[in-house]
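Just so it is clear: chains get the letters A, B, ... in the order the sequence lines come, proteins before strands, and each one is counted from 1. Here the structure is a predicted model, which is why all the values come from computation and not from measurement.
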2 protein chains.
Amino acid sequence: MKTVVKKSRKQQIEEKATTLFQSRGYAATSMRNLAQDLGIEAASLYSHIKSKEEILQRICFRMAEEFYSAWQEVDEETGGNAAKMEKAMIAHVKVITKDTNASAVFFNEWRHLSEPFLSEFLAMRDDYEGRFKKILKDGMASGEFKLVDDKFMMLTILSSLNWTHNWYKPDGSLSPEEVGKRLSGLLLNGLKNN
Amino acid sequence: MKTVVKKSRKQQIEEKATTLFQSRGYAATSMRNLAQDLGIEAASLYSHIKSKEEILQRICFRMAEEFYSAWQEVDEETGGNAAKMEKAMIAHVKVITKDTNASAVFFNEWRHLSEPFLSEFLAMRDDYEGRFKKILKDGMASGEFKLVDDKFMMLTILSSLNWTHNWYKPDGSLSPEEVGKRLSGLLLNGLKNN
DNA sequence: ATCTCTTGCTAACGAACGTTAGTATGTTTA
DNA sequence: TAAACATACTAACGTTCGTTAGCAAGAGAT
């Protein structure tokens, strides 16, 4: 037996918008495009939302929250920094794979946020990236990691992780957990045989 | 003594457009924005270009050519596949760092190309990615590389390389060559100490 | 001296944009 | 049964969009 949860119209709008923003981009998606996909008139959207940008804001900040929540299990890790980094990478990938469309919008369309949302968004991103850098620094200090530029390293790691939204298919053979493990395995141990 | 090469107006337009497309996105950049940055009227642009999209096409396909040309030195590498992969990564990063703005447009705005340019673009990208996959496959067959999914691996490598356009600063301390070396070192050998 | 090329202008086109006002209808709540 | 809410409509607003037509002025080439 399958219970069908009724989605609010606002939610439906947000989901369709997410798909459209992902495929055509925020700026190139018109409210009339969105309305048509929902089978209503453009003006009708405004019974449910305040503005086009509100939709973008909701998508971006909801995803930000998800990334933050996922970090909880990272802090619980008491093993070494390599283990902690693996946890972080897996948690991060899990969030992305749970909604690749929303992730794409999060990663590519945030620049269309207006102030003060843009500044708030960037501050959160900085903070989040700082957490990765901290693991790297701790791991280098303890001798677990090679000595590298931590910012350079963090950017490289996150770019690999963040790209998953472009190719991950939920119906594929790899689970989110498995994707995260492979990515962390690669970045921690490298491609070459020793 | 410095020789000043006079740039054609068309080139100037293309360069300003590259900067704008990079920072605001193609769809969110208007011809009036572009004209204003050049100190002329929007209509005047059309004495030099055929359409807004023509600019995007020129940027995207010029970058594609650059990536292809850079591959020449990769084919000359006769060492192992690890050496070849390093060459490929360095060559790729060199192209990106030579013009980070155009690279950003190339990576983020190609989807606004209309047919048949879009199909042509994607075919080239597939071909180019195939070259990376081939090195990976050869390297796995020869035992140089660990056995991994080659597509997954290729995507991970390229996402790391392609992200450089977002943070590389030509006036920074790292040369393009150095960036490429560090990236390949990391991806080939991993972050962890053995 | 004439021709061509480059560069730019004003004026305007039709289309599309995000959004608002005002209204109607059915559904849920009190 | 009345009030409140959810949902959607038509009509239209002012703005911006990419682009074209037609014209003009200066530079370089023949």
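OP1 or OP2 of C/dT7 sits under 4.0 Å from a side-chain N or O of B/His48. A close approach under 4.0 Å does not occur between any side-chain nitrogen or oxygen of B/Tyr46 and OP1 or OP2 of D/dT20.
For A/Arg9, the listed nucleotide lying nearest its side chain is D/dA8; candidates were C/dT19, D/dA8, D/dC17. Listed nucleotides: C/dG18, D/dC9, D/dT19. Nearest to the side chain of B/Lys52: D/dT19. Distance from the side chain of B/Ser30 is smallest to D/dC17 among D/dC17, C/dG8, D/dA8. For A/Ser44, counting side-chain heavy atoms from C-beta on, the closest listed nucleotide (D/dC9, C/dT19, C/dT10) is D/dC9. Of the candidate nucleotides D/dT19, C/dT19, D/dA8, D/dT19 has the atom nearest to the side chain of B/Met31. Side-chain proximity of B/Arg32 to the nucleotides C/dA12, C/dC9, C/dT19 is greatest for C/dA12.
For B/Gln11 and C/dT7, the CD to P distance is 11 Å, given to the nearest whole Å. Between A/Lys50 atom NZ and C/dG18 atom P the separation is 18 Å, expressed in whole Å. The distance from atom CD of A/Glu41 to atom P of C/dT20 is 17 Å, rounded to the nearest whole Å. The distance from atom NZ of B/Lys10 to atom C1' of C/dC5 is 15 Å, rounded to the nearest whole Å. Taking atom CD of residue A/Glu54 and atom C1' of nucleotide C/dT19, one finds them 14 Å apart after rounding to whole Å. The nearest whole Å value for the distance from the CG atom in B/Leu20 to the C1' atom in D/dC17 is 16 Å. Counting to the nearest Å, the P atom of D/dT16 and the CD atom of B/Gln36 are 12 Å from each other. Residue A/Leu45 contributes atom CG, which lies 10 Å from atom P of C/dG18 at whole-angstrom precision.
Here the side chains of B/Lys137 and B/Phe145 are not in contact, with every heavy-atom distance at 4.5 Å or above.
Base contact: A/Ser47 has a heavy atom under 4.0 Å from a base atom.
Under the 4.5 Å side-chain heavy-atom criterion for ILVMFWY residues, no single connected hydrophobic cluster contains both B/Leu155 and A/Ile90.
Taking 4.0 Å as the cut-off between side-chain N and carboxylate O, B/Lys133 and B/Glu129 do not count as a salt-bridged pair. Salt-bridge formation is detected for the pair B/Glu77/B/Lys87: a Lys NZ or Arg NE/NH1/NH2 atom is positioned less than 4.0 Å from an Asp or Glu carboxylate oxygen.
Interatomic distance, A/Ser47 OG to A/Ile40 CD1, rounded to the nearest 0.5 Å: 8.0 Å.
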